[in-house]
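Contents: one structure, followed by commentary.
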Amino acid sequence: MRWCYSCMIPSMLQPVPAQIEEGIIEVLKNVSRRTIEPTLDSDLVVDLGFDSLQVLEVIAELEDRFDISIPLNYVPTTRTVAQVVAQVAALVDGRANAG
Amino acid sequence: MTPLRTLPEALAEAARTEEGYVFVADGIETRRSYADLRLASLGVARALREAGLRPGDLAALAIGDAEQFLTTLFGASMAGIIPASLDPPVAASNPSAYLEATARIIRLAGARAVITTSALRQEFDDMRASCPDIDIVLSRDTLDAPPLGPDHTASLDDIALVQFTSGSTAVPKGVVLTHRILSANIDAINGPAGLGSSTTDSAVSWLPLCHDMGLIGMALGPLYCGRPAVLLAPQAFVKRPAEWLRAISRHRATVSFAPSFAYALCVRRVKDRDLEGLDLSCWRVAGCGAEPIHAPTLAAFAERFAPVGFRVTSFLPSYGLAEHAVAATFAPRGRPPRVEQVSSDDLTERRTAIPKNGTTRSAVTLVSCGRPFPGHRLRIVDEQGRELPERQVGEITLAGPSVMQSYYRQDALTAATLRNGWLYTGDLGYVSGGELFVCGRVKDIIIVNGRKYHPQDLEWGVEDLAGVRRGRIVAFGAPRHGGPDRVIIVAEPSGRVPPDILSDAIRRRIGDLCGLSVDDVVLVRNGTVARTTSGKVQRAAIKARYERGELAGAGVEHAGVRA
């Protein structure tokens, strides 16, 4: 029942996938030192030119933005923006269910 | 003057103090005294013996966790086994590319054992088919036995450790350091002309322990003088640079070293709210080394963190390399970095450092890395090995008790690097007012974020990709003042794979291999990548043509993303 209450408080509303995607793309643009136009299909290394340092920076920024904790062992399997969106959405979901 | 000690002697001495390491992982701090660590290490020593390792065997360590890594290193050393540190896998790369590169090092080094994490044990076990020297693969978690009794006494001239210089997988260069060399360098660092260490000092470091500055400078350095050190995981720093500064502030640390890029990362990424409660007034030596030092970065850091007590006089620019244990020169303590602005044209064309004046077209700002330690010597030499006067640019050569013994099992390479008692560093510099200014490199090395990458590794890494002509690949770094080198790959396509797909595949493979981002992929016409009569690619020639813009302008397919 608890989640029903939290849904009634606007500030506790969970972001819907579209907002997550938007937020992630904004983070990617901020972290990149080049002008990039990420889409869901973009590959972080190949298309967006992120190196291993910047990938960790992206993680920190996503954690702050979505109030989640991203385990580092997620990282090696993540290649595209779509995968990042899916993982963040799952973590946000998990947080909502746990909270 | 402290007498020279072996690593086990230094550990035994430190174990008589109350001090130790604090390991920070996932925000949790675990304190371990040197006495506890010594005991744990003696357990590892016995377990290694029981597993069949004998004194003089080489054991490769691929362990990311700091406490596990250090107790394994100490344990091997106490059992007379030679520890060799390998890079643990990088977070953003895929394990198979990492294992392939690591297998190459292990194969050429002839390691008899690999000690790794339980997660990677199976992978290393499978590697035995291609690495016949590997007898034993052990998971660090299983190395638990009662302490080994005193059955082996290392002498100062035994090998203390073999450091594989980062990135070198094509021709792995394992730097051999004896206990005598290790102790000499650490004592020089801690001594009055170095840090001037005292009983009030403590260190904080996030540097990887497979790197000389992380292991020798920041972990063994404090241990050899019985002082505490707080060790953070490298990823924790890169993820949140403020964690480094917070640890310094919280532990009232006095000494911390990092490459130039780390100071830049703090300026760029530490947020205003992170400054709350931060007090950096305790930080008396903010060492900077391992890559070219960017003067504006240090100035920006000092300005940003002055309000929380950071002093610009804490900066201690330094120069060093694994072949010289770790440190070669230190700037004097307690003064702001000394910088010189010199004409870039004179520097590259006439190899002379002329101070900037009214007619200078473009100038470059260089930071003094100070002087060699007492008992050590530095000379700048020309191609014939003749010593050059002040302000003449030449190769930096070093002599003295900190110079490595050899490259492990690489006689030809050793002979080319150690000549007549001098270590040829491959770095270019000049001396002004008795102090060293580093301004370039003789060797083709790519430096990104304090790590050295060998072009050959990148070339070998992509040569089996479908669509490239085998052996017709050149990798090089284009230095960019004040930033990481640009990574350039030039390749001849075989024509079977569309250019854009091939470029993507190359970028992806390099990313997997070492976490590097390629700045430019240039696909060139067949026959462009020239080779010498001995079959080596002419990297310098291709690089020069690239820099003159000739490659992109030759009517070839160009699929680069310009940085």
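In what follows, chains carry the letters A, B, and so on, assigned in the order in which the sequence lines appear, proteins first and then strands, with residues in each chain numbered from 1.
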Query - Interface moiety of A/Asp64 toward chain B, non-hydrogen atoms closer than 4.5 Å - result: both
**Report entry** Main-chain N/O of A/Gly49 paired to B/Ser517 side chain as donor or acceptor, under 3.5 Å
**Finding:** yes
Report task. Determine, stepwise, if the pair B/Arg509 / A/Val46 fulfils side-chain contact (heavy atoms from CB on, under 4.5 Å). Result -> CA-CA 9 Å; B/Arg509 177 63 68 84; A/Val46 175; over 6 Å; no
Query - Distance in Å, A/Glu63 CD paired with B/Lys239 NZ, rounded so as to fall on 0.5 Å steps - result: 3.5 Å
Query raised in the report: For B/Asn449, is it the side chain, the backbone, both or neither that has a heavy atom under 4.5 Å from a heavy atom of chain A?
Result: side chain
Query raised in the report: What distance separates B/Ile510 CD1 from A/Asp51 CG, expressed to the nearest 0.5 Å?
Result: 13.0 Å
Requested in this report: In plain terms, say whether B/Arg508 and A/Asp47 are close enough for a salt bridge, that is, a side-chain N and a carboxylate O under 4.0 Å apart.
Outcome: no
Query raised in the report: Crowded around B/Asp464 CG? As in, over 12 foreign heavy atoms under 6.0 Å?
Result: yes
Query raised in the report: In terms of heavy-atom proximity below 4.5 Å to chain B, should A/Glu61 be classed as side chain, backbone, both, or neither?
Result: side chain
Report task. Decide, yes or no, whether a salt bridge links B/Arg269 with A/Glu57 under the criterion of side-chain N to carboxylate O below 4.0 Å. Result -> yes
